[in-house]
**Student:** 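If you scroll down you'll find the structure; I have some questions about it.
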Amino acid sequence: MEQQYSQQSAVDLQRQFCSEHHVPIFAPTDGICYHCHENIFKPLCSGRYISGISQDQAASVLITSCPHCHHTFVD
């Protein structure tokens, strides 16, 4: 099954996940990494590796770092 990527949908799904699990939101609320300025919810291809947080991931895991540059959002 192909991963779905949508910035606004993923932001909303991450907010919902954090609310349901009573955890803080670490991911940027606009989806743009504070360090590399890339959209964390957009797939970027680097050779054979694709980085980016899909809607499924945003709905099921706490986002604590950028999938592209690996900068932490927790600090």
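We use all heavy atoms of the structure for the numbers below, so side chains are in, but hydrogens, waters and symmetry mates are not.
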**Student:** Report the residues that fulfil side-chain contact (heavy atoms from CB on, under 4.5 Å) with L44, sequence neighbours left out, ordered by chain and then residue number.
**Tutor:** E38, K42, S51, H68
**Student:** When rounded to the nearest 0.5 angstrom, what is the spacing between SG in C69 and CD1 in I40?
**Tutor:** 10.0 Å
**Student:** Sequence neighbours left out, what passes side-chain contact (heavy atoms from CB on, under 4.5 Å) with S60? Give chain and number order.
**Tutor:** none
**Student:** If you look only at pairs with a residue in residues 36-67, which of them pass as a ring-ring contact (aromatic ring centres under 6.0 Å, His included), with sequence neighbours excluded?
**Tutor:** none
**Student:** Which pair of non-hydrogen atoms, one from C66 and one from C36, has the smallest distance, and what is that distance?
**Tutor:** SG-SG, 3.8 Å
**Student:** Applying side chain to side chain contact (heavy atoms under 4.5 Å, CB included) to Q57 and I63, what does each step give before you reach the verdict?
**Tutor:** CA-CA 9 Å; Q57 291 168 316; I63 299 168; over 6 Å; no
**Student:** Using the rule that Ile, Leu, Val, Met, Phe, Trp and Tyr join whenever any side-chain heavy atoms are under 4.5 Å apart, tell me whether L62 and V74 fall into a single cluster.
**Tutor:** yes
**Student:** For residues 17-34, which residue pairs qualify under side chain to side chain donor-acceptor pair (under 3.5 Å), counting only residues two or more places apart or in two chains?
**Tutor:** Q16-E20
**Student:** Just jot down the side-chain hydrogen bond (donor to acceptor under 3.5 Å, both in side chains) partners of S9, sequence neighbours excluded, or say none.
**Tutor:** Q55
**Student:** Closest heavy-atom contact between G31 and V11?
**Tutor:** N-CG2, 4.3 Å
**Student:** Quick one: closest heavy-atom pair of P67 and I53, and the distance?
**Tutor:** CG-CG1, 3.8 Å
**Student:** Is any side-chain heavy atom of F73 closer than 4.5 Å to one of C33?
**Tutor:** yes
**Student:** Would you name the heavy atoms of F17 and V61 that are closest together and state the gap between them?
**Tutor:** CE2-C, 3.6 Å
**Student:** Per the salt bridge (Lys or Arg N to Asp or Glu O under 4.0 Å) rule, what does the pair list look like for residues 5-16, sequence neighbours excluded?
**Tutor:** D12-R15
**Student:** For S65, enumerate each residue passing the side-chain hydrogen bond (donor to acceptor under 3.5 Å, both in side chains) test, keeping only those at least two apart in sequence or located in another chain.
**Tutor:** none
**Student:** Under the ring-ring contact (aromatic ring centres under 6.0 Å, His included) rule, collect the residues that match up with H71, sequence neighbours excluded.
**Tutor:** H35
**Student:** Taking transitive links into account, so neighbours of neighbours count too, which hydrophobic residues share a cluster with L13 at under 4.5 Å side-chain distance?
**Tutor:** none
